[in-house]
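The first residue of the sequence shown is numbered 1, and numbering continues consecutively from there.
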Amino acid sequence: MSASAEEKDVYDEINITPMLDLAYVLLVIFIIMTTASVQGIKVNLPKASETPALAKPKTKAISITADGTVYLDTYPVTLPELENLLRQYKAQDPELPVIIKADSTIQYQKVVDVLDLVGRLEITQLGLVTQRLVK
């Protein structure tokens, strides 16, 4: 036999063992991934009623517009009126949450006046509303 005849005999058969090993590994990976993605127990969740809740939200919103007008919820108020109303609400609920929404073009002093008023009334749950940053 010549050397070229031996080379032809070597490549007559394809060794499929590595392909089968790869197929088994992929099968095991798919089995693990599908069982890992199924989480929890399937339950039928109850449906909420479609009637609106009658309870009023406890959070009070103080808004300051571009022209400097101060609103408590949707009603325009002066700073002394705002102080009296917030004092009444705080008497009813000592943990009164308040949020302040102010126009970006108003004078900083208006916001400081409202923050000072809220601080004097010892309202500790205070939030300042800003616009969400778009990325």
Sequence neighbours excluded, the answer for side-chain hydrogen bond (donor to acceptor under 3.5 Å, both in side chains) partners of D93 is none

Does anything in residues 16-33 form a side-chain hydrogen bond (donor to acceptor under 3.5 Å, both in side chains)? List the pairs, not counting sequence neighbours.
N15-T17

Contacts of type side chain to side chain contact (heavy atoms under 4.5 Å, CB included), residue T78, not counting sequence neighbours
P80, E81

Who passes salt bridge (Lys or Arg N to Asp or Glu O under 4.0 Å) against D73, sequence neighbours left out?
K60

Listing, residues 115-126 side-chain donor-acceptor contacts under 3.5 Å, not counting sequence neighbours, or none:
unit_1, atom_1, unit_2, atom_2, d
D116, OD2, R120, NH1, 2.9
R120, NH2, E83, OE1, 3.4
Q125, NE2, E95, OE1, 3.1

Measuring from L85:CG to L72:CG, what's the distance to the nearest 0.5 Å?
6.0 Å

To which residues is Y108 joined in a hydrophobic cluster, defined by side-chain heavy-atom contacts under 4.5 Å among Ile, Leu, Val, Met, Phe, Trp and Tyr, whether direct or through other members?
V112

Quick one: pull up CD1 in I64 and CD1 in I106 and give me the separation to the nearest 0.5 Å.
4.5 Å

Could you work out, with side chain to side chain contact (heavy atoms under 4.5 Å, CB included) as the rule, every residue matching T69, not counting sequence neighbours?
T65, D67, Y71, P76

Under the rule for side chain to side chain contact (heavy atoms under 4.5 Å, CB included), what residues qualify as partners of L27, not counting sequence neighbours?
I31

Note: with side-chain heavy atoms under 4.5 Å as the link, the other cluster members for F30 come out as L22, L26

Rounded to the nearest 0.5 angstrom, the CD1-OG1 distance for I99 and T59 is 6.5 Å

Tell me whether V70 shares a hydrophobic cluster with L128, the cluster being built from Ile, Leu, Val, Met, Phe, Trp, Tyr side chains joined at under 4.5 Å.
yes

Please report the interatomic distance NZ(K90) to CG(L86), rounded to the nearest 0.5 Å.
10.0 Å

Residues that Q109 engages under side-chain hydrogen bond (donor to acceptor under 3.5 Å, both in side chains), provided they are two or more places apart
D113

In short, salt bridge (charged side-chain N to carboxylate O under 4.0 Å, His left out) pairs touching residues 96-111 with sequence neighbours left out are none

